[in-house]
Amino acid sequence: MGTNVSLTPELESFARACVKSGDFGNVSEVVRSGLRLLKEQEDRKRAFDAMVKATLEEAGELGMRTADDVLAQMDAVIEAAER
């Protein structure tokens, strides 16, 4: 697939430096690597947003808990695991 991408002078310089260092074979590889990282970041953001939504829904169903309640429950789980 042929796609043209316009880079700012700063990004083009960075991409060419990545190629010159030997880390990448060409500027297209640098751009693909950057897009993969962006996709991973977006995937993590969507997963985080889904977790927050599920947590808020659960809190609405089960009620909110204080940090002290959660810490006490965690301490109990740790103590039980150590036995």
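The minimum heavy-atom distance between Arg65 and Val70, with the atom names listed, is CB-CG2, 4.2 Å.
Asp68 meets the side-chain contact (heavy atoms from CB on, under 4.5 Å) test with Thr66; sequence neighbours excluded. Residues satisfying the side-chain contact (heavy atoms from CB on, under 4.5 Å) criterion with Thr8, sequence neighbours excluded, are Glu10, Leu11. With sequence neighbours excluded, no residue forms a salt bridge (charged side-chain N to carboxylate O under 4.0 Å, His left out) with Asp75.
Under a hydrophobic-cluster definition in which Ile, Leu, Val, Met, Phe, Trp and Tyr are linked whenever side-chain heavy atoms come within less than 4.5 Å, directly or via other members, Val27 and Leu35 are assigned to the same cluster.
In summary, Arg36 and Glu40 do not engage in a salt bridge, as defined by a charged side-chain N under 4.0 Å from a carboxylate O. Between Asp49 and Arg46 there is no salt bridge, since no side-chain N of the basic residue sits under 4.0 Å from a carboxylate O of the acidic one.
Summarising the local packing, CE of Met51 is surrounded by more than 12 heavy atoms from other residues, nucleotides or ligands at distances under 6.0 Å.
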Check step by step if side chain to side chain contact (heavy atoms under 4.5 Å, CB included) holds for Glu29 and Ser33.
CA-CA 6 Å; Glu29 289 179 9; Ser33 179; over 6 Å; no
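For the side-chain contact (heavy atoms from CB on, under 4.5 Å) with Ser28, the lone residue among Val31, Asn26, Val30 that qualifies is Asn26.
To the nearest 0.5 Å, atom NZ of residue Lys53 and atom CD of residue Glu58 are 14.5 Å apart. Taking OG1 of Thr55 as the start and CE of Met64 as the end, the distance is 10.0 Å to the nearest 0.5 Å.
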